[in-house]
Amino acid sequence: MGDRGRRAGPALTVPAALAVLVLAGCGSAGDADPPGPGTPGSPDAATSSPTPTTARATPTPVPAPAPDPPAPAAPARERWVRGIDASHHQGDIDWVRVAGDRVGFAYLKASEGSTFTDPRFVENVAGARRAGLRVGGYHYFSLCSPGAPQGEHFAETLEAAGRSTLPPAVDLELQGQCATPPARPDLLAEVRAFLEVVEEATGRRVVVYEFPDLEEEYRLADELGRRQWVRRLGDVPPARDWWIWQRADDATVAGVDGPVDLNLARS
């Protein structure tokens, strides 16, 4: 997220879409037929001196084997949906080709600070929607500006593009910010002010993206109590709880000229 070209990660060729696989198994119960009853001896015809009848022993029934216990069901695998995030830095995007490359959603930069609007936001939202993608907007937060005016600007920018299918998101990063970042209590207060304004305007809870160095410095994730968009490049999911996982920042996706961020979202 943020501005393209400010970060570099290991090159990644995007794998095919992750598939859903739920396996359930159970053992079969084998029921043996019980043995037939023994046949008793028949008495001889009556005579004046009856001959005692010798009874044949009745075999002891063999119990049916116990049924096998059911095999444990294989754990359900989560369904992860592929998506990208993009801004005007990606230039003209062919959203039909993006959708054809098994991409199901797009987060698009809407605004930054309290005045900047991404010049391609409305265009990108319209194109992604026409291609059938779920769409959301994100705001690049200015650490040294008051949060409430930023929230108002972001909410107005979202409204201009029409209602999104995904909740709004905020991008918190250290790079490209003011020379002296604020103290933790001050930043926490301003981010909360931003969230309050946006959530009041949209009626939806904001998703929080924190670049790893900012989370390491400020430890805001638990304090903010929102769904997390977590960056961890590579094939191993983040250890921290996440709703969206940014797994690459230089992926190749059809319809996008140049590298793009690739994300996986829990459906």
Side-chain angles (χ1 to χ4, degrees), residues 1-4 6 83 85-89 105-126 128-129 134-215 217-231 241-244 246 261 263 265:
M1 297 177 72
D3 291 335
R4 167 57 49 199
R6 294 189 290 108
D85 62 84
S87 70
H88 67 281
H89 290 288
F105 72 93
Y107 262 105
L108 305 167
K109 184 174 182 180
S111 53
E112 180 174 338
S114 56
T115 59
F116 178 80
T117 300
D118 190 287
R120 286 188 178 265
F121 177 61
V122 173
E123 173 188 346
N124 279 335
V125 167
R129 280 182 182 148
R134 300 180 68 199
V135 182
Y138 75 86
H139 175 84
Y140 190 84
F141 192 87
S142 177
L143 300 187
C144 295
S145 297
Q150 294 191 62
E152 293 168 1
H153 176 52
F154 181 38
E156 291 169 359
T157 305
L158 291 176
E159 185 178 7
R163 182 170 175 81
S164 299
T165 49
L166 293 172
V170 62
D171 180 4
L172 303 173
E173 304 192 26
L174 285 176
Q175 193 167 352
Q177 299 284 353
C178 44
T180 305
R184 183 180 186 276
D186 297 333
L187 178 59
L188 183 58
E190 295 303 335
V191 172
R192 282 176 169 161
F194 169 89
L195 296 175
E196 182 178 349
V197 169
V198 175
E199 291 174 351
E200 175 68 23
T202 64
R204 309 183 78 177
R205 298 270 284 181
V206 176
V207 178
V208 177
Y209 173 98
E210 290 182 79
F211 205 75
D213 59 356
L214 186 139
E215 170 60 13
E217 176 75 19
Y218 286 95
R219 301 295 179 187
L220 299 181
D222 291 339
E223 288 278 359
L224 295 176
R226 301 302 196 279
R227 284 186 294 185
Q228 297 292 307
W229 183 345
V230 181
R231 173 184 170 94
D241 189 30
W242 57 275
W243 184 59
I244 299 176
Q246 184 185 48
D261 293 345
N263 305 277

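Side chains are part of it too, since the values below use all heavy atoms of this structure and drop only hydrogens, waters and symmetry mates. This structure is a prediction, so every number in the text was calculated from the model and none was measured.
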Under 3.5 Å, side-chain donor or acceptor atoms of residues 157-165 against the rest of the protein: list the pairs with distances, not counting sequence neighbours.
{"residue": "T157", "atom": "OG1", "partner": "H153", "partner atom": "O", "Å": "2.8"}
{"residue": "T165", "atom": "OG1", "partner": "V135", "partner atom": "N", "Å": "2.7"}
{"residue": "T165", "atom": "OG1", "partner": "V135", "partner atom": "O", "Å": "3.3"}

Output side-chain donor-acceptor pairs under 3.5 Å for residues 144-151, partner residues at least two apart or in another chain, one line each.
{"residue": "S145", "atom": "OG", "partner": "S142", "partner atom": "OG", "Å": "3.1"}
{"residue": "Q150", "atom": "OE1", "partner": "H139", "partner atom": "NE2", "Å": "3.0"}
{"residue": "Q150", "atom": "OE1", "partner": "S142", "partner atom": "N", "Å": "2.8"}
{"residue": "Q150", "atom": "NE2", "partner": "S142", "partner atom": "O", "Å": "2.9"}
{"residue": "Q150", "atom": "NE2", "partner": "S145", "partner atom": "O", "Å": "3.2"}
{"residue": "Q150", "atom": "NE2", "partner": "P146", "partner atom": "O", "Å": "3.4"}

* Before giving the answer on side-chain contact (heavy atoms from CB on, under 4.5 Å), spell out for V208 and V191 the whole-Å C-alpha distance, their side-chain angles and the decisive distance to 0.1 Å. => CA-CA 10 Å; V208 177; V191 172; 6.0 Å; no

* To do: Under the side-chain contact (heavy atoms from CB on, under 4.5 Å) rule, what do V170 and F154 come out as? Steps first, then yes or no, please.
  => CA-CA 9 Å; V170 62; F154 181 38; 5.8 Å; no

* **Derivation of the ring-ring contact (aromatic ring centres under 6.0 Å, His included) call for Y138 and Y209** => CA-CA 9 Å; Y138 75 86; Y209 173 98; 8.0 Å; no

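Note that CG of L108 is 12.0 Å distant from CZ of R120, once rounded to the nearest 0.5 Å. Between Y140 atom OH and E173 atom CD the span is 4.0 Å, to the nearest 0.5 Å. Between the CZ atom of R219 and the CG atom of L214 there is a distance of 10.5 Å, given to the nearest 0.5 Å.
The heavy-atom pair separating S87 from D118 by the smallest distance is CB-OD2, 3.4 Å. Nearest heavy-atom pair, L143 versus P182, reported as atom, atom and distance to 0.1 Å: O-CG, 3.5 Å. The two atoms that bring A221 and E215 nearest to each other are N-OE1, 3.2 Å, heavy atoms only. Considering every non-hydrogen atom in both R205 and P167, the closest pair reads O-CB, 3.5 Å.
When side chains are defined from C-beta on, P181 does not count as touching E217, because their heavy atoms never get closer than 4.5 Å.
Of the candidates I244, N263, D171, Y107 forms a side chain to side chain contact (heavy atoms under 4.5 Å, CB included) with just one, namely I244.
Note on E199 versus R226: salt bridge recorded, some NZ/NE/NH1/NH2 to OD/OE distance being below 4.0 Å.
E223 pairs by the side-chain contact (heavy atoms from CB on, under 4.5 Å) definition with R184, L188, R192, not counting sequence neighbours.
Between the side chains of E210 and Y218, no donor-acceptor pair is found at a separation under 3.5 Å.
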